[in-house]
Asks: 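Quick one: structure below, then a few questions.
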Amino acid sequence: MNTQGMSIQELAAVYESSTQYFLNLARGVTADQLDIKDPEGWSARQIIHHLADSEAQSYARLRRLVAEPEGSIIQGYDENLWATAPQLGYESAPVENSIAVFAAVRAGSLDIVKRLQESDLEKSGVHSESGHYTIAKWLEGYSKHPVDHGDQLIRAVKGQK
C-alpha cells in the first residue's frame, strides 16, 4: 500500500478495512483449528496473540509519533522472543482476550488517524530497528499488517505454508 496521494479519510478507511478483515477471520477460527500449523509456521492461536501484542505496540508508537518531539525513539521488539516466552501464552492461552485487545487498540488508533492532518503524516521518530519512521510509514505498515497475518491465518487453519 502506498499512502502517497491518499486523503486522511481514505487512509482511515483502508486502516479500518484491514482491522475488520483480521477480526472476521480471527473470530471465525474454531477451537479445533486454533493449533493447526505447518512445521515452519505459526498456528492461528500464535498469530492472534502476535497481532494483539504487535497492535498494542503500534498503539503506543502512534501516540509517540503524534505527541513527542521529532526524532523520539520508537522502540522495536523481537516478535520471535515474545512468541516463544511461555508466560505470554502464544501456544496455550485462550484467544478471546487477544482478539479484544486487537479490536480495542485498533479502534483507539483509528480515532487518532481520523483526527490527523495531511501535514501530520510527515511527523517522525527514529525506529530502533529501521531508522527514520514517519506517521505515513506507520499507517502503511499497520494497514498491511493485519491483512498479511490474516492471509497467514487462513493458511494456518488449512495446515499450509
Asks: Which heavy-atom pair separates Val14 from Ser143 by the least distance, and what is that distance?
Replies: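 Of all heavy-atom pairs spanning Val14 and Ser143, the closest is CG1-CB, 4.0 Å.
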Asks: Using a distance-only test with no angle check, is there a side-chain donor-acceptor pair under 3.5 angstrom linking Thr19 and Glu16?
Replies: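 On atom types as modelled, these side chains do not qualify, holding no pair under 3.5 Å.
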Asks: What I'd like to find out is whether the side chain of Ile48 reaches to under 4.5 Å of the side chain of Phe22, using heavy atoms alone.
Replies: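 Yes, at least one pair of side-chain atoms sits under 4.5 Å.
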Asks: Which residues pass the side chain to side chain donor-acceptor pair (under 3.5 Å) test with Glu70, sequence neighbours left out?
Replies: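 So Glu70 forms a side chain to side chain donor-acceptor pair (under 3.5 Å) with Ser124.
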Asks: Does some side-chain heavy atom of Ile74 sit less than 4.5 Å from a side-chain heavy atom of Glu129?
Replies: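 No - every pair of side-chain heavy atoms lies 4.5 Å or more apart.
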Asks: Between Leu62 and Leu139, is there a side-chain heavy-atom distance shorter than 4.5 Å?
Replies: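 SC-SC contact between Leu139 and Leu62 ruled out.
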Asks: Is the shortest heavy-atom distance from the side chain of Ile8 to the side chain of Lys114 under 4.5 Å?
Replies: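 Sidechains of Lys114 and Ile8: no contact.
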Asks: Return the minimal non-hydrogen interatomic distance between Ser18 and Val147, and the atom names on each side.
Replies: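 Looking at all heavy atoms of both residues, the shortest contact is CB-CG2, 3.6 Å.
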Asks: Do Val29 and Val95 make a side-chain contact, defined as non-hydrogen atoms from C-beta onward lying under 4.5 Å apart?
Replies: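 A side-chain contact is absent here, since even the closest heavy-atom pair is not under 4.5 Å.
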Asks: Return yes if some donor-acceptor pair links the side-chain N/O of Asn24 with the main-chain N/O of Gln20 below 3.5 Å, else return no.
Replies: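 Between the backbone of Gln20 and the side chain of Asn24 there is a qualifying donor-acceptor contact (under 3.5 Å).
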Asks: For a quick test of reading the model, state the closest non-hydrogen atom pair linking Ser128 to Gln75 and the distance between them.
Replies: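 In this case the closest contact between Ser128 and Gln75 is OG-NE2, 3.5 Å.
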Asks: With sequence neighbours excluded, what pairs up with His127 under the ring pair (Phe, Tyr, Trp, His ring centres under 6.0 Å) test?
Replies: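 His127 satisfies ring pair (Phe, Tyr, Trp, His ring centres under 6.0 Å) with Tyr133 only.
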Asks: Is any side-chain heavy atom of Trp138 closer than 4.5 Å to a side-chain heavy atom of Thr134?
Replies: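 SC-SC contact between Trp138 and Thr134 ruled out.
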Asks: Can you name the one residue among Arg61, Arg106, Glu55 that meets side chain to side chain donor-acceptor pair (under 3.5 Å) with Tyr142?
Replies: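 Among the candidates, only Arg61 passes.
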Asks: State whether the side chain of Gln46 and the backbone N or O of Ser43 hold a donor-acceptor pair below 3.5 Å, judged by distance alone.
Replies: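 Yes; at least one donor-acceptor contact below 3.5 Å.
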Asks: Given side chains that start at C-beta, do those of Met6 and Glu140 come closer than 4.5 Å, heavy atoms only?
Replies: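 Side chain of Met6 against side chain of Glu140, heavy atoms only: no contact under 4.5 Å found.
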Asks: Keeping Glu68 on the side-chain end and Leu65 on the backbone end, is there a donor-acceptor pair under 3.5 Å?
Replies: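 Answer holds: no.
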Asks: Any pair with a residue in residues 78-99 that passes side chain to side chain donor-acceptor pair (under 3.5 Å), sequence neighbours left out, goes on the list, sorted by first then second residue, please.
Replies: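 Sorted result for residues 78-99: His49-Ser98, Asp53-Tyr90.
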Asks: In this structure, would Leu121 and Tyr59 fall into the same cluster of hydrophobic residues linked by side-chain contacts under 4.5 Å?
Replies: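 Unlinked, Leu121 and Tyr59 end up in two clusters.
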Asks: Could you check if a side-chain atom of Phe102 sits within less than 4.5 angstrom of a side-chain atom of Ser54, using non-hydrogen atoms only?
Replies: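 The answer is no, as the side chains (C-beta and beyond) never meet within the 4.5 Å cut-off.
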Asks: Might you point out which heavy atoms bring Gln33 and Ala44 nearest each other, and give the distance in Å?
Replies: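 For Gln33 and Ala44, the tightest heavy-atom pair comes out as O-CB, 4.1 Å.
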